[in-house]
Peer 1: 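I'd like to ask you about the structure that follows.
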Amino acid sequence: MEWFEDEALWTGFSEVMFSAERAAEAAVRVAASPLLRLPAGAAVLDLGCGPGTYTIPFARRGATVTGVDLSAALLEHAAAAAAEAGVEVRLIRADMRRFAEPYRFDLAISMYTSFGLFVEPEQNMRVLRNVLTSLKPGGRLLIDLYGKEIAARDGQEPKVVDVNGGTLLVRGTVLHDWTRFRDDFLLVRDGQVRTAVVEHALYSAAELKAMLREAGFADIDCFGGFAGEPFDNHARRLIVRGRRA
Ligand SMILES: C[S@@+](CC[C@H](N)C(=O)[O-])C[C@H]1O[C@@H](n2cnc3c(N)ncnc32)[C@H](O)[C@@H]1O
């Protein structure tokens with residue numbers, strides 16, 4: 001089993017990865033970010049949607065949203081969140097390496113480092129090609145990642161964070177000559193210790209832009225935050241965007 005197929009990881013660390021703070025931040029971004037602005041009724045694909053962190057805010061703003069994820073448990077969370085918000089969303093359990101719906105979407109998003117999960121570079125390229133196929137002409141893909149430059153700048157000191165009556169230790173490790181990154185999580189709460197490992201590719205802006213170019217995207221650009229900031233030494237995220245010609 002690959003690490004991302006482990007349901008216990010997503011459910012056991014759900015409150016950490018999918019906190020109320022992140023949900024609130026996503027709602028603000030969807031409402032205010034110039035990178036996420038859409039005409040009413042636009043069709044959005046949320047690839048690796050998890051518990052609907054971005055699916056629900058887009059649906060609330062009138063988009064027709066399809067959330068795709070491999071985790072049945074997280075899709076159940078997304079369905080419950082949609083019901084609570086009183087919005088309709090389409091949720092599909094699928095592997096992003098195999099999901100494609102030709103010419104269907106105006107915007108595809110891959111948020112919070114949900115891209116680059118696969119060890120084989122060709123499998124990550126396949127995801128990009130699937131997305132290109134799934135976009136309407138003129139439609140855009142937006143990928144939001146923890147990028148290589150940011151990892152290099154911020155260093156990898158272990159962090160200790162308080163979470164809902166527990167303590168979380170996070171330790172990041174750069175792997176394989178700066179091509180991959182691993183986060184080790186250790187959560188102590190209610191007398192229990194839980195551990196998890198998350199691993200993903202570590203792309204520089206230039207590398208990710210080259211991948212989008214190779215997959216066939218046009219008008220590729222890059223930002224350091226959701227206000228559309230430049231990807232410079234102050235960047236908080238690596239955001240790369242491309243358009244289907
Ligand atoms: C870091 S989470 C981000 C979730 C969501 N985008 C967010 O912003 O909260 C990564 C998500 O990718 C999903 N995922 C992992 N491997 C996948 C695959 N092969 N196909 C589809 N989804 C996958 C996980 O189940 C998880 O929901």
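Counting from 1, the numbers follow the sequence of the chain as shown. Every number for a ligand or one of its atoms is a count from 1 in the order of the listing.
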Peer 1: Taking all heavy atoms of V163 and all of R189, pick out the closest pair and write down the distance.
Peer 2: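 Answer, listing the atom of V163 first, then R189: O-NH1, 3.7 Å.
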
Peer 1: Do the ring planes of H200 and Y146 sit parallel (below 30°), tilted (30 to 60°) or perpendicular (above 60°)?
Peer 2: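 The arrangement is perpendicular - the two ring planes meet at more than 60°.
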
Peer 1: Could you tell me whether R97 sits above the aromatic face of F118, with NZ or CZ closer than 6.0 angstrom to the six-membered ring centre and within 45 degrees of the axis?
Peer 2: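 Yes.
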
Peer 1: Using distance only, find each side-chain donor-acceptor pair of residues 36-54 under 3.5 Å and give its atom names and separation, not counting sequence neighbours.
Peer 2:
from : atom 1 : to  : atom 2 : distance (Å)
D46  : OD2    : T55 : N      : 3.2
D46  : OD2    : T55 : OG1    : 2.8
Y54  : OH     : R29 : NH1    : 2.8

Peer 1: Report yes if the distance between the aromatic ring centroids of F13 and F18 is under 6.0 Å, otherwise no.
Peer 2: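 Judged by ring-centre distance (under 6.0 Å), F13 and F18 do not meet the cut-off.
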
Peer 1: Does CG in D177 sit with more than 12 non-hydrogen atoms of other residues, nucleotides or ligands closer than 6.0 Å?
Peer 2: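 Incorrect, the count does not exceed 12.
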
Peer 1: Counting only heavy atoms and a distance below 4.0 Å, can you name the residues contacting ligand 1?
Peer 2: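 Lining ligand 1 at under 4.0 Å, by heavy atoms, one finds F4, W10, F18, R22, G48, C49, G50, T53, Y54, D69, L70, S71, L74, A94, D95, M96, M111, Y112, S114, L117, F118.
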
